[in-house]
Amino acid sequence: PLPFARAETINPPSLRRRPAEESSSSFSTPCAEQYKENFMKKTVKIIAAVLALLVLSAAVAVYAVWHNELASVASFRQIRTRNDPHDDGSVYELHIKGGYYMDELLAQGGVASDSELISFAVEHITKGLIPVSIKNPEIGCSSFTAQTAAGDKLFARNYDMRKTNTCIVHTESGNGRHATISTVDLGLLGMDADTDVEGLLKKITCLAAVYAPLDGMNDAGVSCGVYMTYQGNDEDVTATDQNTEKPDMTTTTFLRMVLDYADNLEEAVEIAERYDMHDSAGTSYHYMVADASGRSAILEWVNGTDDTDLDGASRKLVVTYNDQDDHIGENEGNSSFQWVTNFVIQPGYYDNEENMKGLDRYQQIYDQLCDTDGIVSDEKTAMDVLASVGRRSFKPQNGRHLTIHSAVYNLTQKIVYWVPNENYED
């Protein structure tokens, strides 16, 4: 073998270390540049594929959890613009997809307060991400039943409130529930009356409107509405707040259950009897329910007289049917139709008429319908009766109360005629 000292002399020149600049210039060949370009392209494709997979996985996860909510939000649309000089808020329409967790609400025994309802809505609809609120309403409303000359049964209602945005809410049938249409005051969900409902977060919040109907009708021809009664003294209205072993319901969840599950008036009354009532928003209400047979009832929770009815836990349900109301008064006993405003109709409840809120509107509705015993030519004639007690014209109170919407539900044809903000030509 050659001496180690001679190893350097036999190394091929091509294997010797070159200066850096020589190495760099010799490496920058066309083949090397092409290799780098291909490598970068493959790397970018791999990164893009990984990102796309992550995005797709996230989209699948979001869709799995939110698909009904996303479809519902996509349906939210403005159908009437605001008119501030007339104190008109905007009107929206919303189609709720899926079951909106009513099975879960009933399975847990209902809700006993607005705060429980809010917690349920936040947990199930907004997945805990978006806060929801329910504000105190001061509702002064009017309602009546009637029949058209053709025999169709009607349920008519004015919703009186301060300026607000409104939403017409549709739900689908399924799992024992009826398809329904109802009206919701978006101010109760915290939407500003002086601005339009815009932005994804606000629209998601409005999904909770499904739990806050004020009136509505289902595909069986059952209709219902809620009206404030001001029970208790003027300084501190006392809410009905029953506490027995029965499951619980609030004002708006009662209306939701009636719309979803009642096939007729009797089943609506059965729902009221099966649950403890907890009036929403710290005030008191009574309710009217009617069905396609022409029967109706006013549902009230009372205990004693106006002066003594100060314990919301002691109140009991009293049901007054339109064909069994002779004890209420002569006019009521002689009338086939039924009507209601904002005072408890039970005889002897009040010491004087001054405490009977809405008595003037109650009398006005009766005067409009008594000559024909509640038979009207058509839905427009019924709407004219609602217009006669519209709050912008009937003893106006400088904006304290406005008629926000007027609805005539045809329980026979399953059609609603709906007017925003006393624009009765619309």
Would a distance-only check, ignoring hydrogens and angles, find a side-chain to backbone donor-acceptor pair under 3.5 Å from Thr171 to Ala179?
no
Go through the steps to decide whether Asp260 and His178 satisfy the test side-chain hydrogen bond (donor to acceptor under 3.5 Å, both in side chains), and finish with yes or no.
CA-CA 5 Å; Asp260 281 0; His178 291 286; over 6 Å; no
For residues Asn342 and Cys141, report the shortest heavy-atom separation together with the two atoms involved.
OD1-N, 3.1 Å
Give me the atom names and distance for the closest heavy-atom approach of Leu411 to Ser223.
CD2-CB, 3.4 Å
Are Tyr227 and Lys357 close enough, and set up right, to give a side chain to side chain contact (heavy atoms under 4.5 Å, CB included), and what steps lead you there?
CA-CA 11 Å; Tyr227 321 86; Lys357 308 292 187 182; over 6 Å; no
Distance-minimising heavy-atom pair for Thr148 and Asp378:
CG2-CA, 4.2 Å
Is the backbone N or O of Gly329 less than 3.5 Å from a side-chain atom of Asp326, with the two atoms forming a donor-acceptor pair by type?
no
Ignoring hydrogens and geometry, is there a side-chain-to-backbone donor-acceptor pair from Thr381 to Val376 under 3.5 Å?
no
Whether His95 and His170 hold their rings parallel, tilted or perpendicular, with breakpoints at 30° and 60°:
parallel
Arg392 side, atom CZ; His86 side, atom NE2 - distance, nearest 0.5 Å:
4.5 Å
Under the side-chain hydrogen bond (donor to acceptor under 3.5 Å, both in side chains) criterion, do Tyr159 and Asp185 qualify, and how do the steps go?
CA-CA 9 Å; Tyr159 174 66; Asp185 178 351; 2.7 Å; yes
Can you give the donor-acceptor pairs under 3.5 Å from side chains of residues 333-340 to other protein atoms, not counting sequence neighbours?
residue : atom : partner : partner atom : Å
Asn334  : ND2  : Glu330  : O            : 3.2
Ser335  : OG   : Asn331  : O            : 2.6
Ser336  : OG   : Asp373  : OD2          : 2.9
Gln338  : OE1  : Ser296  : OG           : 2.6
Gln338  : OE1  : Ala297  : N            : 3.3
Gln338  : NE2  : Thr320  : O            : 3.0
Trp339  : NE1  : Tyr362  : O            : 3.1

salt_bridge(Asp192, Lys202) N-O dist < 4.0 Å
no
Testing Asn303, Asp309, Thr238 one by one against Arg315 for a side chain to side chain donor-acceptor pair (under 3.5 Å), which residue passes?
Asp309
First locate atom CG of Asn83, then atom OG1 of Thr81, and finally report the distance between them rounded to the nearest 0.5 Å.
7.5 Å
Quick check for you: to the nearest 0.5 Å, what is the distance between Asp215 atom CG and Phe155 atom CZ?
7.0 Å
What I want to find out is whether Lys153 reaches Asp291 closely enough, with some N-O distance under 4.0 Å, to be called a salt bridge.
no
Set out, in order, the CA-CA distance, both residues' side-chain angles and the distance that settles side chain to side chain contact (heavy atoms under 4.5 Å, CB included) for Leu200 and Val73, then state yes or no.
CA-CA 8 Å; Leu200 180 60; Val73 168; 3.9 Å; yes
CE on Met228 to OG1 on Thr283, rounded to 0.5 Å:
2.5 Å
Provide the closest heavy-atom pair for Cys224 versus Val289 in the form atom of the first, atom of the second, distance.
CB-CG2, 4.0 Å
Is there a side chain to side chain contact (heavy atoms under 4.5 Å, CB included) between Gln368 and Asp384 once you walk through the steps?
CA-CA 9 Å; Gln368 297 282 308; Asp384 290 342; over 6 Å; no
Checking Asp306 side chain against Tyr350 main chain: does a donor-acceptor pair fall under 3.5 Å?
no
In terms of heavy-atom contacts, Met217 and Val416 come closest through CE-N, 4.3 Å
Sub-3.5 Å donor-acceptor pair from the side chain of His405 to the main-chain atoms of Asn421, do we have one?
no
Taking everything shown except Glu425 itself, do over 12 heavy atoms lie less than 6.0 Å from its CD?
yes
Student check: side-chain heavy atoms of Ser182 and Leu259 closer than 4.5 Å:
yes
Any Lys/Arg nitrogen of Asp219 or Lys414 sitting under 4.0 Å from an Asp/Glu carboxylate oxygen of the other?
no
Taking side-chain contact (heavy atoms from CB on, under 4.5 Å) as the definition, give me every residue that meets it alongside Asp196, ordered by chain and number, with sequence neighbours left out.
Gln78, Arg82, Ser90, Tyr92, Glu198
I'd like to check Ile298 versus His286 (side-chain heavy atoms, cut-off strictly below 4.5 Å). Are they in contact?
yes
Indicate yes or no: does Lys163 engage Asp84 in a salt bridge with an N to O separation below 4.0 Å.
yes
Looking at every heavy atom in both Ser284 and Val237, which two are closest together, and how far apart are they?
OG-CG1, 3.6 Å
Test log, rule side chain to side chain contact (heavy atoms under 4.5 Å, CB included), inputs Leu154 and Glu379
CA-CA 8 Å; Leu154 306 179; Glu379 295 85 358; 4.1 Å; yes
Under a 4.0 Å threshold between the charged nitrogen and the carboxylate oxygen, would Arg80 count as salt-bridged to Asp426?
yes
Given 3.5 Å as the limit, does a donor-acceptor pair link the side chain of Glu300 with the main chain of Val318, or not?
no
NZ (Lys246) with more than 12 external heavy atoms under 6.0 Å
yes
Which atom pairs, donor and acceptor, lie under 3.5 Å between side-chain atoms of residues 266-275 and protein residues at least two apart or in another chain?
residue : atom : partner : partner atom : Å
Glu266  : OE2  : Arg295  : NH1          : 2.4
Glu267  : OE1  : Asp263  : N            : 2.9

Rounded distance (nearest 0.5 Å) linking atom CG of Leu369 with atom OG1 of Thr145
8.5 Å
Would you say that Glu123 contacts Tyr101 through its side chain, given a criterion of any heavy-atom pair below 4.5 Å between the two side chains?
no
Per the ring-ring contact (aromatic ring centres under 6.0 Å, His included) rule, which among Tyr285, Tyr211, Tyr287, Tyr261 passes with Phe254?
Tyr287
I want to check something: taking the side chain as every heavy atom from C-beta on, are Val91 and Trp418 in contact at a cut-off of under 4.5 Å?
yes
To the nearest 0.5 Å, tell me how far Asp360 CG sits from Thr341 OG1.
8.0 Å
Taking Gln231 for its side chain and Trp301 for its backbone only, find out whether a donor-acceptor pair lies under 3.5 Å.
yes
Answer yes or no: is there a donor N or O on one side and an acceptor on the other, between the side chain of Asn158 and the main chain of Leu386, under 3.5 Å?
yes
State whether the side chain of Arg157 and the backbone N or O of Val226 hold a donor-acceptor pair below 3.5 Å, judged by distance alone.
yes
Derivation of the side-chain hydrogen bond (donor to acceptor under 3.5 Å, both in side chains) call for Asp160 and His401:
CA-CA 6 Å; Asp160 300 337; His401 278 129; over 6 Å; no
Mark yes or no for whether Asn165, through its side chain, and Thr195, through its backbone, hold a donor-acceptor pair below 3.5 Å.
yes
